[in-house]
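In what follows, a single structure is set out as structure tokens and then discussed.
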Amino acid sequence: MTTTETGRALSEALNPGMEAALEASYGHLVPGLAEGIVDFAYGRQYARPGLSLRDRYLATIAALAALGGQTRPQLKVNIAAGRKAGLTRQEIGEVIWQMSLYGGFPSAINALNAALEVFDEEGAEDV
């Protein structure tokens, strides 16, 4: 299986329709962008051995939280995918709050608000 095929399977499992949405939004401007993201981000990065998918999403959420409010759309997508990869709401909240030391309180509060939106969209709480 190629890295693009591996990435496509993983991205569809975690973010159904993401590649098509990227293609529809940006394909006319940057041909190949959607396939490139699927290949590199999912096929070459998230699918790598060495860290569990769950831990990779924990790291991704932390980085996006520390970067600040401009990452809100990507943060929400990755929080939802992290939940599918096995992260609990509490773990997501804690890693975001930990990033208040590095990205500042405003970034952490904005990230927590994004997480709450994702959790509200999910419905049921962790048991």
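Although no hydrogens or angles enter the test, the distance criterion places no donor-acceptor pair under 3.5 Å between the side chain of Asp55 and the main chain of Leu51. In this structure, the side chain of Thr71 engages the main chain of Gly68 through a donor-acceptor pair within 3.5 Å. Counting only distance, with no hydrogens or angles, the side chain of Lys84 and the backbone of Leu14 share a donor-acceptor pair below 3.5 Å. A donor-acceptor pair under 3.5 Å links the side-chain atoms of Asn78 to the main chain of Gln74, judged by distance alone.
Tested against Arg8, the residues Val38, Thr2, Thr3 include a single side chain to side chain contact (heavy atoms under 4.5 Å, CB included) partner, Val38.
Leu101 and Leu112 end up in different hydrophobic clusters when Ile, Leu, Val, Met, Phe, Trp and Tyr side chains are linked at under 4.5 Å. Linking Ile, Leu, Val, Met, Phe, Trp and Tyr residues whenever their side-chain heavy atoms come within less than 4.5 Å leaves Met99 and Phe105 in two separate clusters. Under the 4.5 Å side-chain heavy-atom criterion for Ile, Leu, Val, Met, Phe, Trp and Tyr, Leu33 and Phe40 are members of distinct hydrophobic clusters. Ile61 and Ile109 fall within a single hydrophobic cluster, where Ile, Leu, Val, Met, Phe, Trp and Tyr side chains are chained together by heavy-atom contacts under 4.5 Å. Residue Val77 is not grouped with residue Leu53 when hydrophobic side chains (ILVMFWY) are merged at heavy-atom distances under 4.5 angstrom, including chains of intermediate members.
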Using the rule given for salt bridge (Lys or Arg N to Asp or Glu O under 4.0 Å), can you reason through Glu91 versus Arg83, listing the C-alpha separation, both sets of side-chain angles and the distance that settles it, and then say yes or no?
CA-CA 10 Å; Glu91 289 169 327; Arg83 293 284 290 144; over 6 Å; no

Full working for side-chain contact (heavy atoms from CB on, under 4.5 Å) between Glu117 and Arg72
CA-CA 11 Å; Glu117 288 177 21; Arg72 184 183 192 85; 2.3 Å; yes

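Side-chain contact between Arg56 and Arg48 is present, with heavy atoms from C-beta onward closer than 4.5 Å. Residues Thr60 and Leu75 are not in side-chain contact: their nearest non-hydrogen atoms beyond the backbone lie 4.5 Å or more apart.
Contact record, Ala115 with Ile92: CB-CG2, 4.3 Å, taken as the closest heavy-atom pair. Annotation for Ala108 and Ser100: closest pair CB-CB, 3.6 Å, computed over non-hydrogen atoms. When all heavy atoms of Asn110 and Gly69 are compared, the pair lying nearest together is ND2-CA, 4.3 Å. Taking every heavy atom of both residues into account, Ala114 and Lys76 meet most closely at CB-CG, 3.8 Å.
Residues passing the ring-ring contact (aromatic ring centres under 6.0 Å, His included) test with Tyr46, sequence neighbours excluded: Tyr42, Tyr57.
To the nearest 0.5 Å, the span separating CG on Leu22 from CD1 on Ile37 amounts to 5.0 Å. Here the CD-CD1 distance, from Glu121 to Ile79, works out to 10.0 Å after rounding to the nearest 0.5 Å.
Comment: Arg89 does not engage Glu94 in a salt bridge, judged by the lack of any side-chain N to carboxylate O separation of less than 4.0 angstrom.
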